[in-house]
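Step one of this worksheet: look at the structure below.
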There are 2 protein chains.
Amino acid sequence: MSDLENVAQQLARHKFKLTRQRHAVIDVLTDARSPMTPANVFESAQRQCPDLGLATVYRTLEILEELSLIRRVHLDEHCEGFALSATSHGHHAICMQCNRVVEFTGCDISQVMASAARQTGFHIEEHWLELMGMCNDCYQS
Amino acid sequence: MSDLENVAQQLARHKFKLTRQRHAVIDVLTDARSPMTPANVFESAQRQCPDLGLATVYRTLEILEELSLIRRVHLDEHCEGFALSATSHGHHAICMQCNRVVEFTGCDISQVMASAARQTGFHIEEHWLELMGMCNDCYQS
DNA sequence: GTGACTGCAAATAATTTGCATTACA
DNA sequence: TGTAATGCAAATTATTTGCAGTCAC
């Protein structure tokens with residue numbers, strides 16, 4: 001199933017309509033190789049949907065995030081950026097050179113969580129992990 | 001050595017002056033039990049330093065972050081918040097109920113990093129980890 | 001004494017909202 | 001067809017900057 005089909009299905013399941021505008025936003029995020037700000041998305045999606053409004057981009061991103069179809073990416077200094085999320089629980093690796101984002105799965109950090117729980121007295125429920133480095137392409141050049 | 005002394009020392013080392021305003025900002029962050037936005041800091045620090053300007057808060061936070069004396073905390077939905085960082089490499093555990101932030105150390109995620117590197121082809125250099133859960137006080141009530 | 005630091009106000013950027021109109025299901 | 005979704009413009013919020021005056025070292 002393609003990304004678009006998946007998103008369309010999820011939208012329908014939650015009674016959201018698949019409008020031209022949302023379609024354009026989803027296409028942009030699907031093709032994106034790096035996290036995109038709302039403004040980035042707007043600019044790109046406008047090519048496909050010239051009468052798109054920036055407010056709609058914000059509203060659409062909000063819905064997609066709510067449905068976990070995209071994930072917020074916090075970049076080094078300033079936050080913000082959105083990237084398509086393929087799996088229900090994945091994390092992102094971000095290239096510090098070209099900004100490319102790749103999702104990876106399988107984060108067994110149970111030992112770290114146990115250690116943190118011991119130190120802080122917290123009962124950990126969620127975690128948030130992002131790796132920064134260089135993608136292979138950038139590394140080789 | 002107290003937090004303040006530590007910060008003062010670091011500022012001096014880098015030829016920054018310890019002004020009344022900076023002192024107030026540092027005090028606020030030292031006493032803070034949860035991450036604070038620039039606006040939060042401004043409001044609190046004004047009690048101690050009535051003629052403080054918001055722009056100064058932004059400028060001070062920028063310096064403190066540059067010196068790794070505070071750390072940016074990305075909250076669940078919206079980003080942003082700053083918290084004092086005691087160690088050069090620590091992570092934060094955040095209580096989802098009361099927002100309290102506690103730093104912990106010792107994050108051996110080398111296995112996760114190796115696995116991610118294998119999956120993505122990335123050469124990982126840095127990581128960013130935050131745990132969310134409930135602090136013991138909130139858990140017991 | 002003097003250069004770094006400040007407050008203020010204005011500029012800029014980012015995000016949200018109200019509302020009349022449009023278009024998906 | 002009915003209602004959710006839209007564009008636009010205005011409102012709000014967040015952040016940055018220029019500059020004349022001030023203060024820590």
Using the test side-chain contact (heavy atoms from CB on, under 4.5 Å), find all partners of [X] that sit at least two apart in sequence or belong to another chain.
X	answer
A:Thr56	A:Gln21, A:Leu52, A:Arg59, A:Thr60
B:Gln48	B:His23, B:Ala24, B:Asp27
B:Glu62	none
B:Arg13	B:Gln9, B:Gln10

Expressed in angstrom and rounded to an integer, what is the separation of [X] atom [atom1] from [N] atom [atom2]?
X	N	atom1	atom2	value
B:His23	D:dA24	NE2	P	12 Å
A:Phe42	C:dA14	CZ	C1'	13 Å
B:Leu61	C:dC5	CG	P	15 Å
A:Lys15	C:dC24	NZ	C1'	14 Å
A:Phe16	C:dA25	CZ	P	13 Å
B:Leu11	C:dC5	CG	C1'	13 Å

**Complete:** Stems for DNA chain D (at least 3 consecutive Watson-Crick or G-U pairs, under 3.5 Å) come to C:1-25 with D:1-25
**Item:** Distance-minimising heavy-atom pair for A:Arg22 and A:Lys17
**Value:** NH1-O, 2.8 Å
Which residues pass the side-chain hydrogen bond (donor to acceptor under 3.5 Å, both in side chains) test with [X], sequence neighbours left out?
X	value
A:Ser110	A:Asp108
B:Asn40	B:Thr37
A:Arg20	A:Asp51

**Message:** Please confirm whether the shortest side-chain N or O distance from B:Thr19 to OP1 or OP2 of C:dT6 is below 4.0 Å.
**Reply:**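 So the side chain of B:Thr19 is within the cut-off, an N or O lying under 4.0 Å from OP1 or OP2 of C:dT6.
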**Message:** So, does B:Tyr58 get its side chain near the phosphate of D:dT15, meaning an N or O under 4.0 Å from OP1 or OP2?
**Reply:** yes
**Request:** Using the salt bridge (charged side-chain N to carboxylate O under 4.0 Å, His left out) rule, collect all pairs that involve residues 35-46 of chain A, keeping only residues at least two apart or in two chains.
**Result:** none
**Message:** I'd like to compare against my own output: the B/S/- annotation of nucleotides 7-12 of chain D with a strict under-4.0 Å heavy-atom distance to protein.
**Reply:** BB----
**Request:** Under the ring-ring contact (aromatic ring centres under 6.0 Å, His included) rule, collect the residues that match up with B:Tyr58, sequence neighbours excluded.
**Result:** none
**Asked** Given that B:Leu18 and A:Arg22 both sit by DNA chain D, which one's nearest nucleotide is further toward the 5' end?
**Response** A:Arg22
N/O to N/O distances under 3.5 Å, protein versus nucleotides 1-3 of chain C:
| from | atom 1 | to | atom 2 | distance (Å) |
| --- | --- | --- | --- | --- |
| C:dG3 | N2 | B:Lys17 | NZ | 3.2 |

**Request:** Taking A:Gln119 for its side chain and B:Thr105 for its backbone only, find out whether a donor-acceptor pair lies under 3.5 Å.
**Result:**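 Present.
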